[in-house]
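Written below as C-alpha cells is the structure these notes are about.
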Amino acid sequence: MLFNSYGRELSEFVPIDPEHVRVYSCGPTVYNYAHIGNLRAYVFVDTLRRTLAWKGYDVTHVINITDVGHLTSDADEGDDKMEKAAEQQKRTVWDIAAHYTEAFQRDLGRLNIMSPSIWSKATDHIQEMIAFAQKLEDQGVTYTLEDGVYFDTSKVASYGKLGLLDLEGQEAGKRVSGPDGKRNPSDFAVWRFSPTDKQRLMEWHTPWGIGAPGWHLECSVMSTKYLGKMFDIHTGGIDHRQVHHCNEIAQNQAHACTDHPGANWWMHNEFLVLRDSEKMSKSKGNFLTLQTLVDRGIHPLVYRLFLLTASYRSNLEFTWEALDGSRANLRRMLLRVQRLRDEVGPADWLRIASEAKYQSGGPFTYIRNALCAGLDRALTGYVNALDQAISNDLHTPQVLVKLGEILDHKKMPAEQALRLVALYDLVLGLNLLVTDPADLALRPASATISDEEINALIAQRTEARKAKDFAASDRLRDQLAEAGVAIKDGPTGTEWEWVVAGA
RNA sequence: GGCCGGAUGGCAGAAUGGUUAUGCAGAGGAUUGCAAAUCCUCGUAUCUCGGUUCGAUUCCGGGUCCGGCCUCCA
C-alpha cells in the first residue's frame, strides 16, 4: 500500500511491468548546498527503493540535477539563481553546478542512500526540451508573450487535480505580480527569453528566441526520455505538489494527448520543520547542512535514523535534543549488534548481507533468501512484521519498534537475532552490521586537543589511579571533559569518546 | 485573503470508537575508588468548545495555534 497524492488515497501498489518499477525523483537545483530538510526527500526515496527491492522488484531510478538557473524571486523579475551564485563566488555557472552537484552526491553517500540508476542533468537535455516545447506549440496549448512562451493551463481539462487547486479562489487571493498578458493566473513559462540588452550566462537559441527553459519542462522531458510516457512513481517534496507537479502533469498530458498524468503514483514527503525559527530556505541561506551536523560531531547515520523515526508524510520537528536522542539510540543499537557479532563470529551469510551496499537497482531477493534460509520458523513473525510495516506506506517507525524488540529479546539465539538485524537493515539502511559504535561520535570541528594529547593525559590518569591518587585522577578527567572528551574505565582499560553537544 | 494538512507525556514521534507504541531525557537498582558507559526496573500525555455515541484522543462542526502552497524551494 502506498499513498498516492493524485487522488489522495492509499492504494495497493501495482507496477506497470510486473517485475520492474520505474521511479523519477525531483532533484536539487545546484546553486547552493542541500540543507538537512532537502535531504529528507532522498532518505524517503531511498526507503521507497529499498522497499521495492525487498519486494523483489528491479528498479530504474532517475534523479535529476537542475543546473539551469531558475529565478530567485518573482515569476517575472529577479536574478537567475545560478548566475547570481556564479557572480558572488566569481566562478563560472558550470563550476558552480559541478561543485554543488558533487557536494549533494557526497551527502547522499554519507546518508547511505543508494545511487540512482541514472543521474540526469537538465543542461544535457536542452534540445529535447525544445522539441518537447515545439510539440506543445503544435498542440496549440502555448502562447508567446514578450518575455517568454507560456502554457495555457485552461487547455488542460483536469489541470490542478493533483494539487486540489481552487483556481477561482486563487484568482481572488492573487498576490503575484506576474507578467502582463497571462491568460490565466496559473499559466507558467515553458521558455523564458533573455533580456534583449544583456547576454545571460546560460541561454540557448530556440525557434521563439534566445532564452532558458521554464522550470517544469526539464522533468517532463527527462522522465519521458528515461522512463517512458507512463511510468510508476514520481516523488518530490510536498512543496512541489501544487505547482511544479501540476504544471509538469499538464505538460505531459498536452504532449501525449492523454489524460494520464505520466506517473501512476505521485508521492510527496512532508517537511522537516524548525520550531521557533523561520523556514529553512535554500534561497535565503538560513539553513543547516549535513556538514553542520558532522562538524558538531554527529554522524550522518544518526540523522538518517532521526528521519526514520517519523512517517515521511508527517511534519518532523527538528530539535537538537531529538537528534541527540537518535544518537543515543543508534549507539545502543550498535553496541548490541556488536555483541551479537562477537558471539556469532564470521559467517558466509553475513558477507552476503553486506552485498546490498553495492547493489544499484536490483532486487534484494537473493540476499533476503540467504538470510531467511537459516532462520528458525518460530521467528518468521519478525520478518512478516517488517514486511507488513513497510508495506503500509513505508511505515519505518514501526520497523524500528520491532527492531528494538529483536535487540532486547532475552532468549533469541545470537545468530538468529543477527540474521533478523541484517534483514531489517536491508530496508532501514543504517549500516547496523558494519558500523563500530565508537565511530558514531565524530571529532567535532571545534575540538582543539589532539589524539596524542588525549592518550598522554589518559596514561597519566591511569598511573594516578594505580597509585590510588584519585584527586589527581579526577582532575585529569575534568581536564579531558573540558576539552570535549569523555572517558570510560572498563575492565580492559580506559576508553574515550568525543562528547557530542546536544544544543 | 483562498486552498490543503496538522495539534498526543519534559523532547521527538506511532497508533486507536473502549487497554494510548517506541526512542531519548528523568527516577530507582546492579556495576564502579567516585563517575561515565553498560545492564535491569519504573512513572508521566491525546490543544479548546460544542455535537454524534453506552463510550471519543480517534467521527462531525466552531475556535486557537502551527506547517505547506498560491513566487524559486525537499
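In the text below, chain A, chain B and the rest are named by the order of the sequence lines, each starting its count at 1.
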| field | Gap in Å between the two P atoms, one belonging to A36(B) and one to G26(B), rounded | value | 10 Å

| query | With respect to the side chain of Asp474(A), which nucleotide from A74(B), G33(B), C11(B) is positioned closest? | reply | G33(B)

| query | So what does Gln398(A) touch, heavy atoms closer than 4.0 Å: a base, only the sugar-phosphate, or nothing? | reply | nothing

| field | Nearest-angstrom distance, P atom, C66(B) to G61(B) | value | 22 Å

| request: Looking at every strand, decide which applies to Leu335(A) at a 4.0 Å heavy-atom threshold: base, sugar-phosphate, or nothing. | output: sugar-phosphate

| remark: Side-chain contact check for His35(A): nearest option of A35(B), A74(B), C69(B) is A74(B)

| message | Can you check the distance between C24(B) and G67(B), where both ends of the measurement are the C1' atom (answer in whole Å)? | response | 24 Å

| Base-pairing assignment for G18(B) (Watson-Crick or G-U wobble, both under 3.5 Å) | C54(B)

| Nearest-angstrom distance, P atom, G9(B) to U52(B) | 28 Å

| task | Ignoring the backbone of Arg8(A), work out which of A25(B), C4(B), A12(B) is nearest its side chain. | result | C4(B)

| query | Under the 5.5 Å and 30° test, is Tyr42(A) stacked on the base of A74(B)? | reply | no

| note | Whole-Å distance, Gln242(A) CD to G68(B) P, equals 12 Å

| message | Please classify the nucleic acid contact of Lys410(A) as base, sugar-phosphate, or nothing, using heavy-atom distances under 4.0 Å. | response | sugar-phosphate

| query | Salt bridge between Arg241(A) and Glu270(A), side-chain N to carboxylate O under 4.0 Å? | reply | no

| field | Salt bridge Lys402(A)-Glu405(A), side-chain N to carboxylate O under 4.0 Å | value | yes

| message | So Val500(A) and Leu440(A), do their side chains get closer than 4.5 Å, heavy atoms only? | response | no

| remark: Out of A14(B), A74(B), A35(B), minimum distance to the side chain of Asp489(A) belongs to A35(B)

| task | Could you tell me whether Gly404(A) contacts a base, only the sugar-phosphate backbone, or nothing, with contacts defined as non-hydrogen atoms closer than 4.0 Å? | result | nothing

| request: Indicate, with a heavy-atom threshold strictly under 4.0 Å, whether Ile487(A) touches base, sugar-phosphate, or nothing. | output: base

| said: What contact category does Ala310(A) fall into here, base, sugar-phosphate, or nothing, at under 4.0 angstrom with non-hydrogen atoms? | reply: sugar-phosphate

| request: For C39(B) and U44(B), measure between their P atoms and round to the nearest Å. | output: 24 Å

| task | Describe the nucleic acid contact of Val401(A) in one word from base, sugar-phosphate, nothing, applying a heavy-atom distance below 4.0 Å. | result | base

| message | Does this structure show an ion pair linking Arg192(A) with Asp147(A), if we count only N-O contacts that are shorter than 4.0 Å? | response | no

| Which value, in whole Å, describes the distance between the C1' atoms of nucleotides A74(B) and G62(B)? | 34 Å

| Candidate nucleotides A14(B), A25(B), C11(B), ranked by approach to the side chain of Ser314(A) - the nearest | A14(B)

| Expressed as a whole number of Å, how far does the C1' atom of A25(B) sit from that of A12(B)? | 11 Å

| field | Of Ser311(A) and Gly237(A), the one whose closest RNA chain B nucleotide lies more 5' | value | Ser311(A)

| message | Under 4.0 Å, heavy atoms only, any strand: does His240(A) hit a base, just the sugar-phosphate, or nothing? | response | sugar-phosphate

| task | Assess the pair Phe104(A) and Tyr42(A): is the distance between their ring centroids shorter than 6.0 Å? | result | yes

| task | State plainly whether the residues Arg461(A) and Asp474(A) are in salt-bridge range, i.e. N to O under 4.0 Å. | result | no

| message | Regarding Tyr33(A) and Asn38(A), do their side chains bring together a donor and an acceptor under 3.5 Å, going by distance alone? | response | no

| Which listed nucleotide (C24(B), C4(B), C70(B)) is nearest to the side chain of Asn329(A)? | C24(B)

| task | Could you check which of A14(B), C39(B), A36(B) has an atom nearest any side-chain atom of Arg336(A)? | result | C39(B)

| query | Over how many whole Å does the gap from Arg241(A) atom CZ to G6(B) atom C1' extend? | reply | 12 Å

| request: Check every strand shown and say whether Ser326(A) touches a base, only sugar-phosphate, or nothing at a heavy-atom separation below 4.0 Å. | output: nothing

| task | Could you tell me whether Arg465(A) contacts a base, only the sugar-phosphate backbone, or nothing, with contacts defined as non-hydrogen atoms closer than 4.0 Å? | result | base

| query | Between Arg183(A) and Asp152(A), does at least one N-O distance fall below 4.0 Å, as a salt bridge requires? | reply | yes

| remark: Quick note, Ala328(A) side chain, CB onward, closest among G13(B), C24(B), C4(B) is C24(B)

| In Å and rounded to the nearest 0.5 Å, what is the CH2 to CG distance from Trp265(A) to Leu2(A)? | 7.0 Å

| query | If pairing requires Watson-Crick or G-U wobble contacts with both distances under 3.5 Å, which nucleotide is the partner of C39(B)? | reply | G29(B)

| Any donor-acceptor pair under 3.5 Å joining the side chain of Asp408(A) to the base of C40(B)? | no

| task | Measure the distance from CZ on Phe188(A) to C1' on U71(B) and round it to the nearest whole Å. | result | 15 Å

| query | For the base of A37(B), is there a side-chain donor-acceptor partner from Arg331(A) under 3.5 Å away? | reply | no

| For G61(B), what is the paired nucleotide under Watson-Crick or G-U wobble rules, both distances under 3.5 Å? | C49(B)

| task | Give the nucleotide from the list G33(B), G67(B), C11(B) with an atom nearest to the side chain of Glu321(A). | result | C11(B)

| message | Can you tell me whether the side chain of Asp239(A) and the base of G67(B) have a donor-acceptor pair closer than 3.5 Å? | response | no

| Base, sugar-phosphate alone, or nothing: which one does Leu305(A) contact when heavy atoms must sit under 4.0 Å apart? | nothing

| Contact under 4.0 Å: Arg477(A) side-chain N or O vs A35(B) OP1/OP2 | no

| query | Which whole-number value in Å describes the distance from Met333(A) CE to U22(B) C1'? | reply | 11 Å

| task | Would you classify His268(A) as touching base, sugar-phosphate or nothing, given that sugar-phosphate means primed atoms plus P, OP1 and OP2, and contacts are heavy atoms under 4.0 Å? | result | nothing

| said: By the 4.0 Å heavy-atom rule, please label Arg461(A) as base, sugar-phosphate, or nothing. | reply: base

| note | From the candidates G13(B), U22(B), C24(B), the one with an atom nearest any side-chain atom of Leu316(A) is G13(B)

| query | To the nearest angstrom, how far is Leu162(A) atom CG from C70(B) atom C1'? | reply | 15 Å

| task | Can you tell me the distance, in whole Å, between the CD atom of Glu270(A) and the P atom of G68(B)? | result | 9 Å

| field | Nearest-nucleotide 5' precedence on RNA chain B, Arg339(A) against Tyr312(A) | value | Tyr312(A)

| Applying the ring-ring contact (aromatic ring centres under 6.0 Å, His included) test to His234(A), which of His240(A), His245(A), His61(A), His244(A) qualifies? | His245(A)

| task | Mind calculating the distance between CD1 (Ile238(A)) and P (G68(B)) to the nearest angstrom? | result | 11 Å

| Length of the line joining Leu400(A):CG and A15(B):P, which is rounded to integer Å | 13 Å

| said: With a 3.5 Å limit on both atom pairs, tell me what C69(B) is paired to, counting Watson-Crick and G-U wobble, or say none. | reply: G2(B)

| query | Quantified in whole Å, what is the P atom distance between nucleotide G5(B) and nucleotide U19(B)? | reply | 28 Å

